Amino acid sequence: MAEQNAIKEKQKIGVSLKHRILSIVSTSLFGILCALVIFPFLTGVLASFRPGRELIRRGLSLNLDFSTMSLDNYKFLFSGNTDSLKYFNWFKNSLVLTVVTVVLTLLVCYIVAYGLTMYNYRLKNFLFFLVIATMMVPFEILMLPLYQEMISLKLINSAAGVILPGLCGASTIFFFKQYMSGLPKELLDAGRIDGATEYGICFKIMLPITKPAFAAMAILSTMGAWNNMLWPMLIFRDASKFTLPIGLNTLLTPYGNNYDLLIAGSCFAILPVFILFLCFQKYFVEGMTSGAVKG
Amino acid sequence: MKLKKFFNSQKVAPYVFVLPFILSFAVFWIYPLFSTVKMSFEKILPSKTTFVALANYEKLLNDRIFHIAIGNSFWYMVWTIIILIPLPMIFACIMDSNLVKAKGLWKALLYLPALSSVVVSGMLFRLMFSELPTSQMNVFLQWLGQLPIKWLKQESTARFALVLLATWRWTGVNMLYYIAGLKNIDKAYYEAAEIDGAGAFQRFRYITLPLLKPTNIYVLTISIYAGLSMFLESFMLWAGNSSPRNIGLTIVGYLYRRGIEKNELGYASAVGLVLLVIALIINIIQLILNGSFKKEEA
């Protein structure tokens with residue numbers, strides 16, 4: 001009996017040793033992977049503290065010479081506007097545009113998804129099919145006619161021109177629909193018995209219990225809006241209206257690149273989404289996944 | 001009062017809810033889609049528009065630069081699929097096991113590139129792959145005893161930079177999709193397989209792989225679309241829409257060049273429609289091969 005126990009113990013130790021080695025190996029795999037992923041950022045951040053001539057001479061390099069580093073680039077970015085550099089404006093524009101886009105998109109997509117989930121009517125499946133159909137055509141194909149449409153609607157250079165075409169995002173509607181189809185429909189009848197209107201039920205009863213979906217989608221669409229570039233690049237014409245990606249892109253000119261400012265501006269531009277991501281990572285992972293893939 | 005009752009009825013309310021979509025669909029989808037089809041049969045000059053039937057498409061057939069653009073987009077799409085499906089899947093499987101410590105940290109760090117806009121990531125890669133002997137990739141070459149090269153001016157090395165950029169940006173994102181896919185797999189299958197004596201590889205081959213199929217189809221579909229409509233990555237890597245001998249020109253890049261830079265809306269619309277047809281054909285083939293059109297087995 002004692003012998004048997006001893007053998008079992010030995011086996012256990014063997015298994016746990018194998019487990020520990022595998023654990024170290026796979027953890028370090030991710031460590032190396034992450035080091036590779038961070039590397040470009042790391043050199044970028046280091047470079048953002050260096051004067052432009054240093055960058056022209058050496059490019060991005062893992063140069064750990066701290067004596068050449070200063071806060072000058074960042075000071076210059078925020079010191080005020082020049083004709084070509086309106087960083088503070090761009091930052092503000094991005095912030096406002098992102099907030100407005102996210103709030104409007106979520107609200108509209110929620111309402112549409114509600115209409116597609118909570119009632120039974122003849123056109124329901126057909127309408128949902130249309131939502132899916134809009135996913136099938138890459139935006140880039142519609143870009144030119146949409147651009148012309150915006151010119152004739154006089155929405156060029158306006159936030160409305162950027163926001164409106166993307167307001168009913170199919171994937172956001174799809175996500176809300178997925179989420180809501182899991183909610184009990186009895187709540188609707190309960191609300192009706194209590195005398196709530198259809199719209200009251202939508203906003204006062206269902207909206208609060210859809211909050212997790214809102215959180216997930218808020219993070220996803222914030223990132224989309226913050227980094228959106230192609231369409232805003234066509235719509236905004238005045239440098240004072242540019243958002244961060246477009247504004248930063250204008251620093252790359254045929255007459256010489258202001259890499260020092262570009263890098264500093266870029267590093268700072270990632271900060272807001274990065275902080276947001278860190279704070280809401282849990283919701284984010286759920287949001288990325290639960291709407292999109294259901295086996 | 002009657003009006004209020006009318007809007008509050010369960011027959012009318014759903015249509016009020018979906019109204020924003022119907023409007024947006026008509027104005028920002030159907031209308032531009034039809035007008036791009038119409039424009040593709042026209043020659044559009046600032047003052048007048050003439051119907052030219054299939055002339056734009058005939059011109060496309062013989063447009064060497066367009067062929068280069070299609071080739072580049074396809075090449076990019078194929079390589080991103082070859083890399084960005086198996087690699088994230090394997091990482092997700094390892095991450096999902098109980099072996100890895102500090103999972104949250106790795107997930108967040110691997111996701112970091114996707115948080116940065118294409119301006120930032122494109123610029124970082126542009127500098128890393130610059131011609132300077134001190135740029136990272138050239139330093140790396142020198143370690144290996146090679147001479148520095150002009151990465152972004154030769155086709156093969158430029159393509160390598162482009163695919164590496166895509167790999168860097170999207171591995172973390174696709175990994176999250178696969179992690180979610182793995183979470184949907186019932187753990188009982190693995191327990192049963194283990195009792196039957198299946199090894200780790202067999203469990204992966206006969207349980208994980210087939211049950212990840214929905215995730216695979218999803219990731220494949222978005223990869224096809226993202227690959228075919230890639231533009232900004234190339235735009236940032238070459239600081240504009242022109243690269244030496246068009247080595248970085250994509251279909252959307254060509255659409256942008258013709259439509260926005262040269263203002264040839266008719267011709268650019270034809271480019272767009274070719275892209276649409278390619279995307280639809282590939283996706284339909286893909287869905288048929290994956291059996292998505294088959295009826296669910298009872």
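Below, chain A is the first sequence line, B the second, and so on; all start at residue 1. Remember, predicted model here, so these are calculated numbers, not experimental data.
Taking chain A as the reference chain and counting heavy-atom pairs below 4.5 Å, the highest number among B/T221, B/V119, B/T171 is found for B/V119. Top candidate by heavy-atom pairs under 4.5 Å with chain A, chosen from B/V27, B/L23, B/V118, B/V12, is B/V27. For the set A/A269, A/G265, A/G115, the entry with the most heavy-atom pairs within less than 4.5 Å of chain B is A/G115. Highest contact tally toward chain A, considering only B/L19, B/L211, B/V16, is held by B/V16 [criterion: heavy-atom pairs under 4.5 Å]. When each of A/M118, A/Q148, A/M143 is checked for heavy-atom pairs under 4.5 Å with chain B, A/Q148 comes out on top. Note on B/A268, B/S229, B/G259: by heavy-atom pairs under 4.5 Å with chain A, the leading option is B/S229. Contact tally against chain A (heavy-atom pairs below 4.5 Å) for B/S9, B/A226, B/P32: the top residue is B/P32. Chosen from B/M95, B/K11, B/K183, the residue pairing most often with chain A at heavy-atom distances under 4.5 Å is B/M95.
B/V100 touches chain A through backbone and side chain together, each having a heavy atom under 4.5 Å away. Residue B/A102 does not touch chain A at all, counting heavy-atom pairs closer than 4.5 Å. Contacts between A/M223 and chain B at a heavy-atom distance below 4.5 Å involve the side chain alone, from C-beta outward. Only the side chain of B/M175 comes within less than 4.5 Å of a heavy atom of chain A; its backbone N, CA, C and O stay farther away. Interface remark: B/I22 contributes side-chain atoms only to the contact with chain A (heavy atom separation under 4.5 Å). Residue B/L124 touches chain A through both its backbone and its side chain, counting heavy-atom pairs closer than 4.5 Å. Only the side chain of B/L280 comes within less than 4.5 Å of a heavy atom in chain A; its backbone stays farther off. Neither the backbone nor the side chain of B/V271 comes within contact range of chain A; no heavy atoms are under 4.5 Å apart. Of the atoms belonging to B/F25, it is side-chain heavy atoms, and not backbone ones, that fall under 4.5 Å from chain A. With a threshold of 4.5 angstrom between heavy atoms, B/L33 approaches chain A through its backbone and through its side chain. Of the atoms belonging to B/S130, not a single heavy atom falls under 4.5 Å from chain A. Only the side chain of B/F235 comes within less than 4.5 Å of a heavy atom in chain A; its backbone stays farther off.
Here A/F139 and A/W231 bring their ring centres to under 6.0 angstrom of each other. Between B/F17 and A/Y199, the ring centre distance stays below 6.0 Å. When ring centroids are compared, B/F91 and B/Y178 stay outside the 6.0 Å threshold. Less than 6.0 angstrom separates the ring centroid of B/W168 from the ring centroid of A/F41.
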Which is it for A/Y121 and B/Y15 under the ring pair (Phe, Tyr, Trp, His ring centres under 6.0 Å) test, yes or no, and what are the steps along the way? CA-CA 9 Å; A/Y121 50 103; B/Y15 290 100; 5.1 Å; yes
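Annotation: side chain of B/Y31 is not in contact with side chain of A/P145 (no heavy-atom distance under 4.5 Å). The shortest distance between side-chain heavy atoms of B/Q286 and B/I217 falls below 4.5 Å.
Between B/F129 and B/W151, the ring planes lie perpendicular to each other; the angle is over 60°, past the 30° to 60° tilted range. Aromatic ring pairs are classed by plane angle as parallel below 30°, tilted from 30° to 60° and perpendicular above 60°; the pair B/Y256 and B/F231 is tilted.
Applying the salt bridge (Lys or Arg N to Asp or Glu O under 4.0 Å) test to residues at least two apart or on different chains, the pairs with a partner in residues 253-270 of chain B are B/D63-B/R258, B/R258-B/E264.
A side-chain N or O of A/E198 and one of A/Y119 form a donor-acceptor pair less than 3.5 Å apart.
Among residues two or more places apart in sequence or in another chain, the side chain to side chain donor-acceptor pair (under 3.5 Å) test is passed with A/K124 by A/N120.
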